[in-house]
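Each chain gets a letter, A, B and so on, in the order the sequences are listed, and its residues count up from 1. Worth saying up front: this structure is predicted, and the values here are computed from it rather than measured.
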Amino acid sequence: MSDMRQVLAAAVCEGLESLGLPVPDVQIERPARPEHGDWSTNAALVLARQVGRPPRDIASDLATRLDSIGVPHLDRVEVAGPGFVNFRLAPTWLQELLVDVVHAGVAGYAAPDLGRGATVQVEFVSANPTGPLHVGNGWLGSYGDAVGRLLQRCGWQVTREYYVNDTGGQIRSLGTSLLARRRGESVPEGGYQGDYVADLASRYSGPDTSYPAPPSQDDVVAAGRWAADRILAQIRSTLDRMGILFDSWYSQASIEDGGAVADTISLFDHKGLCYVDQGALMLRTTDFGDSRDRVLRKSEANGGDYTYLAGDLAYHRNKFLVRGFDRVIDVFGADHHGQVASLKAGVEALGVDPGRLDIRLGQMVSLSDGGDSVMMSKRSGNFVPLHQLVDQIGPGVTRLLSLVSSIDQATTVDLAAVRSQSADSPVYYVQYAYARISAIHRVRQQRSIPLDPIHTVQLSLLTHQRELDLLSGLSQLPEVVAVAARELAPHRVTAWARELAGRFHGFYHDCRVMGDNVDPALTQARLWLVVAAGIGLQIGLALLGLAAPETMLSSELPEAPATAPPDPALAPAPASVDPAAAPPDPAAGTAE
RNA sequence: GCCCCUGUAGCUCAGUUGGAUAGAGCGGCUGCCUUCUAAGCAGCGGGCCGCAGGUUCGAGUCCUGCCGGGGGCGCCA
């Protein structure tokens, strides 16, 4: 596998050393403008001050030296601008890359082993089962899911987990609301007002509370748990539709019932980190950077229950010390910002290196409908549920919409605009490119055109700018995947996939693969280029959790696009292509 | 008051550890289907990258200060 950046970096180092110059942090970058070459380095600019010579002098010395070193594929070295050294490569570079892509296949290309088998738990969504998911849950859901796919591709052992908050006051409140509805009474202040509660109440066959006596605590909890189970099933089904998958659903009640909260607190106590203040049991989180100490167990006057933090720390003790994850990523909404400092402090108090805990806050998603903002309040029951949006625009469009921008960016979803533009969604742009690739392979088979083994094909015929642009796009995927995984930023993959689809459409338009006017040798080269583009798109689409459809007929475009559910089989689909032998089925392994 | 995120084209957003003349989609206008799907391609128009300083050979990107937007600072979860 030829990593051009490394090859060039090594050459630049060698060149500088042979000139007797110090070797700085050599940066090899891809210039934005084609006239600046395929790659460039700023080494001369960085060195200028240190050495006390004009940057262009250094650059031109370096350029002549590099010319004589004999770097593979290097066509020309030029000095430009304030002192850049620009590299222009021969097309052989990209033709060789094509072979690399085909050999590596979907499973092997752009799969840097960054995790080296370390375990990572990604916890996300974790919405309370007291009502349907809202759109914001969906956004962070596809984010967490995509992060899981990315890390998995990059050599981590990933566990995606939903923490089910199935205990405590919210469940009681849900039970109270349910029973009130069942008796035909209005839901009490602070209860859950949504229609789904009335709906559930009509189906609840629990204790008959139609008699005047008030329901007991047991009745309330039983009703609440019953309702939470039903709601959780709905949540699951919505997430399934969007291809947001979990390996584990972890019950908060199971933690509390197992006594883990008490165990965790006694662990703190043994370390001398606890004290009692006004009847409440406190944890010295200020010892670990928090702005104030936090309550673990409320005073008797306040009910004497454990706080949410105590449960959360027990849960994190479970993650790090019981299940032993090397790394934990918590994906929260920005409205949980207030708990970050105490959670991090508490984890450190457990004796865990806080660097192993990564808390990612997703900024808020707000909705508007043609300019009027739409409120989202679960308790009032006045909000747009995620499943409704999915019904309207389809899971694929919803999913990609949530993966185009960074989660650091607060977004406003204009429902009116999204509905009217869903047919123009970038997801179709990318999927259509894949469908075109599939169509080319279908037609090839229909016309009984053979696909010769790649080592017998004249890839040097691939010199059209469109062909080279497409290959250049493919060459960027490994670094895009690596950066996206490092920054936990799947939207970078989205940007790449759109870009690559664009390059493919351009190629498709200008470069006919098969036909009477096309030299058969060129057909062969282009067919392999199409195979490679398909591999790249499959990788990108799988990372984003989107289907790679073999056909998209415009007659099926109508107003309500019913996108097939995304591939549940996760990232690297096992569609390896044997480059030496038979023609591949471009869509193998990405079935629905 | 303090903490986190953020301000880029009419709208929604990209912009790779600071790189050369800032990009895409949508919307507007104009061309291109006898060929492997026009859900496509090509072109035109659209910008004081919130403002002001600073660091640097070089700042949309880093630092400081203002201005604007969102979120958070519970014995709630």
(message) Using the side-chain heavy atoms of Thr551(A), tell me which of these nucleotides is nearest: U37(B), A77(B), C75(B).
(response) U37(B)
(message) I need the minimum non-hydrogen distance between Leu296(A) and Cys274(A), along with the two atoms involved.
(response) CD1-SG, 4.2 Å
(request) Just name whichever nucleotide pairs with G40(B), Watson-Crick or G-U, keeping both distances under 3.5 Å, else none. (result) C32(B)
(request) Grab the CZ-P distance between Arg294(A) and C76(B) for me, whole Å please. (result) 13 Å
(request) Please indicate yes or no: is the ring centre of His509(A) less than 5.5 Å from the centre of the six-membered base ring of A42(B), with the two planes inclined by under 30 degrees? (result) no
(message) What I want to check is whether an N or O donor and acceptor connect the side chain of Arg436(A) with the base of U37(B) at under 3.5 Å.
(response) no
(request) Calculate the interatomic distance between Glu29(A) atom CD and G18(B) atom C1'; express it in whole Å. (result) 9 Å
(request) Look at the side chain of Asn302(A) against the base of C75(B) and say whether a donor-acceptor pair falls under 3.5 Å; ignore hydrogens and angles. (result) yes
(request) State yes or no: are the ring centers of Tyr162(A) and Phe124(A) separated by less than 6.0 Å? (result) no
(message) Under 5.5 Å centre to centre and under 30° between planes: does that hold for Phe84(A) and the six-membered base ring of A20(B)?
(response) yes
(message) Against the six-membered ring of Tyr508(A), is Arg436(A) placed for a cation-pi contact (under 6.0 Å from the centre, within 45° of the normal)?
(response) yes
(message) Taking pairing as Watson-Crick or G-U wobble with both contacts under 3.5 Å, can you name the mate of U64(B), or confirm there isn't one?
(response) A52(B)
(message) Under a 3.5 Å cut-off for both contacts, is C13(B) paired Watson-Crick or G-U wobble with anything, and if yes, with which nucleotide?
(response) G23(B)
